[in-house]
Amino acid sequence: MDDSPRTILVTGGAGFIGTNFVEYLLRQTDVRVVVVDALTYAGQRHNLAAYEGSGRYVFVHGHIENAQLLYHLCRTCEVDTLVHLAAHTHVDRSILQAQPFVQTNVQGTVTLLEVARQIRLRRFVQMSTDEVYGECLRGECAEDTPLLPSSPYAASKAAADCFVHAYRRTYGVPAFIVRSCNVYGPYQFPEKLLPMSILCALHDEPIPLYGDGSQRRQWLYVDDLCRALWLLCCIGEPGQVYHVSSGVELTNRELVAQILQLLGKPETLMRSVPDRPGHDRRYALRWEQLRCFGWEPSVQLEEGLRRTVAWYRDHRSWWEPLWYGEYAQYRRQWYEQVLQSGVRQEG
Ligand code: TYD
């Protein structure tokens with residue numbers, strides 16, 4: 001029986017991964033897409049404005065904590081697959097204030113799971129992160145590695161994942177979890193390392209690197225993640241955990257050096273700042289299961305970085321209102337906080 005999706009509801013569809021995923025669905029598949037997004041600071045409705053009125057895409061402004069709205073949408077739009085991308089994701093913000101992460105990432109997920117209990121879904125896809133395992137100093141994390149989150153953000157995602165598991169076991173919600181390494185590409189909010197480095201460099205401003213910049217992450221181009229998500233929307237099995245990664249691992253310093261080289265800027269723009277509290281030195285995922293399904297990353301790091309840098313260069317009108325708007329104030333506050341925490345550490 002063909003149980004591939006007909007109508008997908010994407011929460012957080014106006015955010016970074018959401019925008020790329022919805023574009024992928026509308027361009028590469030024939031599913032209908034319903035986006036629900038709260039349009040917090042990280043979501044922009046106009047990212048997908050070109051598709052409004054196309055007949056296959058509906059945008060709804062709303063919170064995932066609004067169970068009635070979600071239930072109504074799922075029923076009236078005949079949603080058969082739910083891809084849950086809505087989340088607060090920035091570790092530094094979670095260190096400043098954990099409560100919104102509990103509210104959206106934990107409470108919001110539980111609300112969605114409650115809705116999922118009441119409707120007939122084929123699949124509930126929970127987007128998660130390698131950060132739930134905490135620091136991985138050697139080897140790679142497997143799907144059954146114990147969860148040991150270090151940051152409030154990671155703890156909120158781990159808690160949400162536990163609820164997904166529990167709702168699958170207790171109520172039979174057809175849910176599975178996707179855990180990805182660091183993702184980069186167009187439409188990423190400028191607070192994250194990669195866009196932040198690109199935009200600082202374009203402004204000839206110093207790029208703050210935590211500690212000595214030797215922390216290691218695996219980096220995956222967002223199109224590759226979107227392909228993996230779509231594949232899992234079609235064949236993912238309830239109760240499973242799926243890892244998505246490129247296996248390409250770099251230190252933050254190496255990554256930023258590549259950005260600077262692409263932009264023809266000097267490495268002296270990298271500025272060491274006091275380390276993030278609880279900073280995980282390394283994440284690494286094993287992703288054999290997806291390889292068995294025929295998925296593998298197709299965009300090499302050099303190519304992905306080149307595309308990303310070009311996108312930010314060519315889309316000033318997208319990032320300028322963010323860079324100079326409310327986010328400018330957050331950056332200032334964050335920078336002061338970082339420097340103060342450094343004083344405390346030294347003291
Ligand atoms: P980030 O993009 O916040 O993702 P995560 O912490 O979830 O992996 O950061 C990626 C890495 O870059 C992480 O090791 C922290 C580091 N980093 C900096 O050194 N300076 C910065 O200003 C930011 C935002 C991150």
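Every number for a ligand or one of its atoms is a count from 1 in the order of the listing. These numbers come from a predicted model, not from an experiment.
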Geometric cation-pi criterion R93 and Y330, 6.0 Å radius, 45° cone:
yes
Name the residue from Y312, Y221, W311 that meets the ring-ring contact (aromatic ring centres under 6.0 Å, His included) definition with Y184.
Y221
Got an N/O contact under 3.5 Å between H279 and ligand 1?
yes
Examine W219 against ligand 1 and note whether any of their N/O atoms are separated by less than 3.5 Å.
no
Should one rank V183, T89, L193 by closest heavy-atom distance to atom 12 (O) of ligand 1, which comes out on top?
L193
Polar atom proximity, Y210 to ligand 1 (N or O, under 3.5 Å)
yes
Interfacing atoms of ligand 1 (cut-off 4.0 Å, heavy-atom, P208)
18 (C), 19 (O), 20 (N), 21 (C), 22 (O)
With heavy-atom distances below 4.0 Å as the criterion, list the atoms of ligand 1 near K192.
2 (O)
Give a yes or no answer on whether the side chain of Q218 reaches the backbone of L285 with a donor-acceptor pair at less than 3.5 Å.
yes
Which one holds for L209 and ligand 1: side chain close, backbone close, both close, or neither close, with close meaning a heavy atom under 4.0 Å?
both
Given that the side chain starts at C-beta and the backbone is N, CA, C, O, which of these parts of R217 lies under 4.0 Å from ligand 1, counting heavy atoms, or is it both or neither?
side chain
Protein residue, atom and distance nearest to atom 7 (O) of ligand 1, heavy-atom basis
E131 OE2, 2.3 Å
Derivation and outcome, salt bridge (charged side-chain N to carboxylate O under 4.0 Å, His left out), residues R281 and E135:
CA-CA 6 Å; R281 299 197 62 76; E135 190 164 75; 5.4 Å; no
Which of the atoms in ligand 1, numbered in the order shown and given with their element, are less than 4.0 Å from a heavy-atom of M196?
21 (C), 22 (O)
Do R276 and ligand 1 have an N or O pair less than 3.5 Å apart?
yes
Any N or O on D92 sitting closer than 3.5 Å to an N or O of ligand 1?
no
Would you kindly say whether E326 and Y41 are connected by a side-chain donor-acceptor distance under 3.5 Å?
no
To the nearest 0.5 Å, what is the distance between CD (E131) and CZ (R217)?
6.0 Å
Pair T89-K192, side-chain donor/acceptor within less than 3.5 Å:
yes
How are the rings of Y324 and W319 set to each other: parallel, tilted or perpendicular (split at 30° and 60°)?
tilted
Taking 4.0 angstrom as the limit and counting only heavy atoms of N182, give me the atoms of ligand 1 inside it, by number and element.
4 (O), 5 (P), 8 (O), 10 (C)
Of all the atoms in ligand 1, which lie at a distance below 4.0 Å from a heavy atom belonging to E191?
24 (C)
Heavy-atom pairs closer than 4.0 Å: do any link ligand 1 to the side chain of N252, the backbone, both, or neither?
side chain
Steps toward salt bridge (charged side-chain N to carboxylate O under 4.0 Å, His left out) verdict (D3, R123)
CA-CA 10 Å; D3 70 344; R123 292 180 179 87; 3.1 Å; yes
Does a side chain donor of either Y133 or R179 reach within less than 3.5 Å of an acceptor in the other side chain?
yes
